[in-house]
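Sequence positions, counted from 1, serve as the residue numbers for this chain. Source: prediction; values computed, not measured.
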Amino acid sequence: MLLISHVLIALTSLAYTTLTYIRPSKKRLNVSYFLMASTLATGTFLVVSTNSSLVSACISGLVYTSIVTVGIFAAKNKLKTIALL
């Protein structure tokens, strides 16, 4: 059940980060931060509780974190640009 929740949170996070980039706002940025933190927390718990392979989990987590971080950073810069106009 936790694995399904983890995957759903991660997919929601990717979709919401995309929305945040398209229509940036401070509230959306905060939700994106929360979803990213939730995904990392559930992923860490899954690795610790199931004794699964740390290497594959770290590679997947690194790819996910990189994609979401780039999206959040781009949305944040876009929001700054809009605020300056």
request  = Verify the cluster assignment for Ile72 and Val63: are they in a single hydrophobic cluster under the rule of side-chain heavy atoms below 4.5 Å apart?
outcome  = yes
task = Rounded to the nearest 0.5 Å, what's the gap from CG on Leu40 to NE2 on His6? Could you check?
result = 8.5 Å
query = If you round to the nearest 0.5 Å, how far is CG of Leu3 from OG1 of Thr50?
reply = 8.5 Å
query = Are the side chain of Lys78 and the backbone N or O of Tyr21 linked by a donor-acceptor pair below 3.5 Å?
reply = yes
Arg23 CZ to Ile82 CD1 distance, which is reported to the nearest 0.5 Å = 9.5 Å
Min side-chain heavy-atom separation Thr69-Met36 under 4.5 Å = yes
task = Quick one: closest heavy-atom pair of Ala75 and Pro24, and the distance?
result = O-CB, 3.7 Å
remark   = d(Leu46 CG, Asn51 CG) to nearest 0.5 Å is 11.5 Å
query = For the hydrophobic clusters of this structure (ILVMFWY residues joined by side-chain heavy atoms under 4.5 Å, transitively), does one cluster hold both Tyr16 and Val68?
reply = no
query = Does the Ser13 side chain pair with the main chain of Ile9, one donor and one acceptor, at a distance under 3.5 Å?
reply = no
task = Measure the shortest side-chain to side-chain distance between Thr20 and Leu29 over non-hydrogen atoms and say whether it is less than 4.5 angstrom.
result = yes
query = Looking at OG of Ser38 and CG of Leu8, how far apart are the two atoms once the value is rounded to the nearest 0.5 Å?
reply = 12.5 Å
ask   = Under the 3.5 angstrom rule, does the side chain of Thr42 hit a backbone N or O of Thr39 as a donor-acceptor pair?
value = yes
ask   = Are Tyr64 and Val47 connected, step by step, through hydrophobic side chains (Ile, Leu, Val, Met, Phe, Trp, Tyr) whose heavy atoms are closer than 4.5 Å?
value = no
